[in-house]
Asker: 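After the structure tokens below, expect a handful of questions from me.
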Amino acid sequence: MAQQPIEMILLHLWASYIAVPMWVVDRDGNLVYYNEPAEKLLGKRFDEVGEINTEQLAEIFVTTDLDGEPLPTEDIPLVIALTKRRPAHRRLRIRAFDGSWREIEVAAIPIEGQGERMLGALATFWETESS
């Protein structure tokens with residue numbers, strides 16, 4: 001994947017110091033980083049996985065609503081942050097790398113640089129109590 005803008009590099013660095021699970025995508029929706037707390041929920045270290053393009057993400061991380069019904073891509077908070085350029089929040093289920101299902105809450109925000117340049121999006125997520 002292409003060299004990232006400085007803002008995204010700094011966001012990656014900042015997320016690496018935060019104790020809340022975080023996931024960072026570029027403006028095309030490619031996964032460029034997730035931090036150590038996210039590794040525990042996702043079931044694999046980022047160093048083992050590396051960057052993942054948009055098409056592969058949908059195959060790897062199956063996302064459903066709380067009833068197990070497939071969640072349309074346009075309803076995923078990270079996609080809303082990228083496409084509508086606004087924050088989004090939702091409780092949902094994902095299938096982790098190890099095949100286990102996790103109920104999580106996700107809050108996503110768009111990342112815009114100076115001059116309203118769309119750079120990507122950041123999602124923070126946590127496992128819910130009922131999981």
Side-chain angles (χ1 to χ4, degrees):
M1 295 195 199
Q3 174 67 32
Q4 294 293 319
I6 187 67
E7 296 95 336
M8 294 296 282
I9 294 168
L10 292 171
L11 182 61
H12 172 151
L13 180 63
W14 175 77
S16 72
Y17 286 96
I18 301 300
V20 175
M22 291 189 177
W23 170 292
V24 181
V25 297
D26 66 15
R27 69 174 175 253
D28 298 320
N30 301 309
L31 173 68
V32 295
Y33 179 70
Y34 59 83
N35 65 3
E36 187 176 335
E39 293 173 348
K40 294 172 185 161
L41 288 175
L42 299 175
K44 249 186 198 180
R45 293 177 35 87
F46 181 75
D47 291 345
E48 297 172 41
V49 177
E51 295 182 0
I52 303 172
N53 70 40
T54 304
E55 294 79 29
Q56 291 173 314
L57 280 175
E59 294 172 16
I60 294 170
F61 294 103
V62 176
T63 306
T64 71
D65 64 16
L66 296 180
D67 296 323
E69 294 297 318
L71 194 61
T73 302
E74 62 271 10
D75 292 342
I76 297 172
L78 200 58
V79 173
I80 294 169
L82 274 174
T83 60
K84 298 189 178 179
R85 296 176 108 164
R86 66 173 174 82
H89 173 266
R90 184 179 191 124
R91 195 175 203 169
L92 49 83
R93 294 176 68 228
I94 61 162
R95 187 180 65 209
F97 281 110
D98 62 4
S100 65
W101 285 93
R102 303 241 195 288
E103 187 174 301
I104 62 173
E105 284 198 49
V106 179
I109 59 170
I111 304 301
E112 292 187 20
Q114 293 180 337
E116 297 182 19
R117 290 178 307 130
M118 184 58 166
L119 300 172
L122 168 82
T124 183
F125 52 97
W126 53 95
E127 200 161 11
T128 60
E129 296 286 324
S130 63
S131 294

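When a residue number appears, it is its place in the shown sequence, counting from 1. The figures that follow rest on heavy atoms only: side chains count, while hydrogens, waters and symmetry mates do not. Keep in mind that what you see is a predicted model, and the values were worked out from it rather than measured.
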Asker: Go through Glu112 and Arg85 one step at a time and tell me if the salt bridge (charged side-chain N to carboxylate O under 4.0 Å, His left out) criterion holds.
Answerer: CA-CA 9 Å; Glu112 292 187 20; Arg85 296 176 108 164; 3.3 Å; yes

Asker: Dump the intermediate steps for side chain to side chain contact (heavy atoms under 4.5 Å, CB included) on Leu82 and Met118, then the final yes or no.
Answerer: CA-CA 8 Å; Leu82 274 174; Met118 184 58 166; 3.9 Å; yes

Asker: Rounded to the nearest 0.5 Å, what's the gap from CD1 on Ile18 to CG on Leu13? Could you check?
Answerer: 10.0 Å

Asker: According to a hydrophobic-cluster definition based on side-chain heavy atoms being under 4.5 Å apart (Ile, Leu, Val, Met, Phe, Trp, Tyr only), do Leu41 and Ile52 belong together?
Answerer: yes

Asker: Can you see whether Thr64 engages Glu69 through a side-chain donor-acceptor pair at a distance of less than 3.5 angstrom?
Answerer: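 Distance-only check fails for Thr64 and Glu69.
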
Asker: Evaluate the criterion side chain to side chain contact (heavy atoms under 4.5 Å, CB included) for residue pair Arg93 and Ile104; output intermediate values, then yes/no.
Answerer: CA-CA 6 Å; Arg93 294 176 68 228; Ile104 62 173; over 6 Å; no

Asker: Should the ring pair Tyr33 and His12 be called parallel, tilted or perpendicular, given that the plane angle runs from 0 to 90° and is split at 30 and 60?
Answerer: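 Tyr33 and His12: parallel rings.
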
Asker: With clusters defined by side-chain heavy atoms of hydrophobic residues (ILVMFWY) lying less than 4.5 Å apart, directly or transitively, does Leu57 cluster with Trp101?
Answerer: no

Asker: What is the ring orientation for Trp23 with Tyr34, classed by angle as parallel under 30°, tilted 30 to 60°, or perpendicular over 60°?
Answerer: parallel

Asker: Do side-chain atoms of Asp98 reach the backbone of Gly43 as a donor and acceptor pair under 3.5 angstrom?
Answerer: no

Asker: When you compare the side chain of Pro110 with that of Arg86, does any pair of heavy atoms fall below 4.5 Å?
Answerer: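 No, too far: nothing below the 4.5 Å cut-off.
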
Asker: Tell me whether Thr124 contacts the main-chain N or O of Pro21 through its side chain, where contact means a donor paired with an acceptor under 3.5 Å.
Answerer: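 Between the backbone of Pro21 and the side chain of Thr124 there is a qualifying donor-acceptor contact (under 3.5 Å).
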
Asker: Enter the distance from Lys44:NZ to Ile60:CD1 here, rounded to the nearest 0.5 Å.
Answerer: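 Those atoms lie 8.0 Å apart.
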
Asker: Side-chain contact, heavy-atom cut-off 4.5 Å: Ile94 with Leu92?
Answerer: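 Answer yes - side chains close enough.
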
Asker: Check Asn35 against Ser16 and note the closest heavy-atom contact, atom names and distance.
Answerer: CB-CA, 4.4 Å

Asker: Under 6.0 Å from the CD atom of Glu36, do we count more than 12 heavy atoms belonging to anything else shown?
Answerer: no

Asker: Would you indicate whether the side-chain heavy atoms of Glu105 and Arg90 approach each other to under 4.5 Å?
Answerer: no

Asker: In this structure, would Val20 and Leu11 fall into the same cluster of hydrophobic residues linked by side-chain contacts under 4.5 Å?
Answerer: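 Val20 and Leu11: one cluster.
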
Asker: Is the backbone N or O of Ala96 less than 3.5 Å from a side-chain atom of Arg102, with the two atoms forming a donor-acceptor pair by type?
Answerer: no

Asker: Just verifying a value: how many Å separate Leu78 CG and Thr73 OG1, rounded to the nearest 0.5 Å?
Answerer: 11.5 Å

Asker: Can you check whether Leu66 reaches Arg91 side chain to side chain, under 4.5 Å on heavy atoms?
Answerer: yes

Asker: Should Val25 and Val49 be regarded as members of a common hydrophobic cluster, given that ILVMFWY residues are connected when their side-chain heavy atoms come within less than 4.5 Å of each other, either directly or indirectly?
Answerer: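 Yes; tracing contacts between hydrophobic side chains, which count when under 4.5 Å, links both residues.
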
Asker: So do the side chains of Trp14 and Ile9 get within less than 4.5 Å of each other, counting heavy atoms only?
Answerer: no

Asker: To the nearest 0.5 Å, what is the distance between CD on Glu39 and CZ on Phe46?
Answerer: 9.0 Å

Asker: Backbone N or O of Thr54 within a donor-acceptor pair of the Asn30 side chain at under 3.5 Å?
Answerer: yes

Asker: So does Pro70 get a backbone contact from the side chain of Asp65, meaning a donor-acceptor N/O pair under 3.5 Å?
Answerer: no

Asker: Would you indicate whether the side-chain heavy atoms of Ile6 and Leu10 approach each other to under 4.5 Å?
Answerer: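 Side-chain contact under 4.5 Å: yes.
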
Asker: Quick one: pull up CD in Glu7 and CG in Leu119 and give me the separation to the nearest 0.5 Å.
Answerer: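 So the CD of Glu7 and the CG of Leu119 are separated by 5.0 Å.
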
Asker: Taking the side chain as C-beta and beyond, is there a heavy-atom pair between Met8 and Ile111 under 4.5 Å?
Answerer: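 In contact.
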
Asker: Taking atom CD of Glu48 as the centre, does the number of heavy atoms from other residues, nucleotides or ligands within less than 6.0 Å exceed 12?
Answerer: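 More than 12 heavy atoms, drawn from other residues, nucleotides or ligands, come within 6.0 Å of this atom.
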
Asker: Side chain to side chain contact (heavy atoms under 4.5 Å, CB included) for Val24 and Leu31? Distances and angles first, verdict last.
Answerer: CA-CA 6 Å; Val24 181; Leu31 173 68; 5.9 Å; no

Asker: Nearest 0.5 angstrom please: Gln4 CD to Asp26 CG, how far?
Answerer: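 Here the rounded value is 5.0 Å.
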
Asker: Any link between Phe61 and Trp126 through a network of hydrophobic side chains (Ile, Leu, Val, Met, Phe, Trp, Tyr) touching at under 4.5 Å?
Answerer: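 Cluster IDs for Phe61 and Trp126 differ.
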
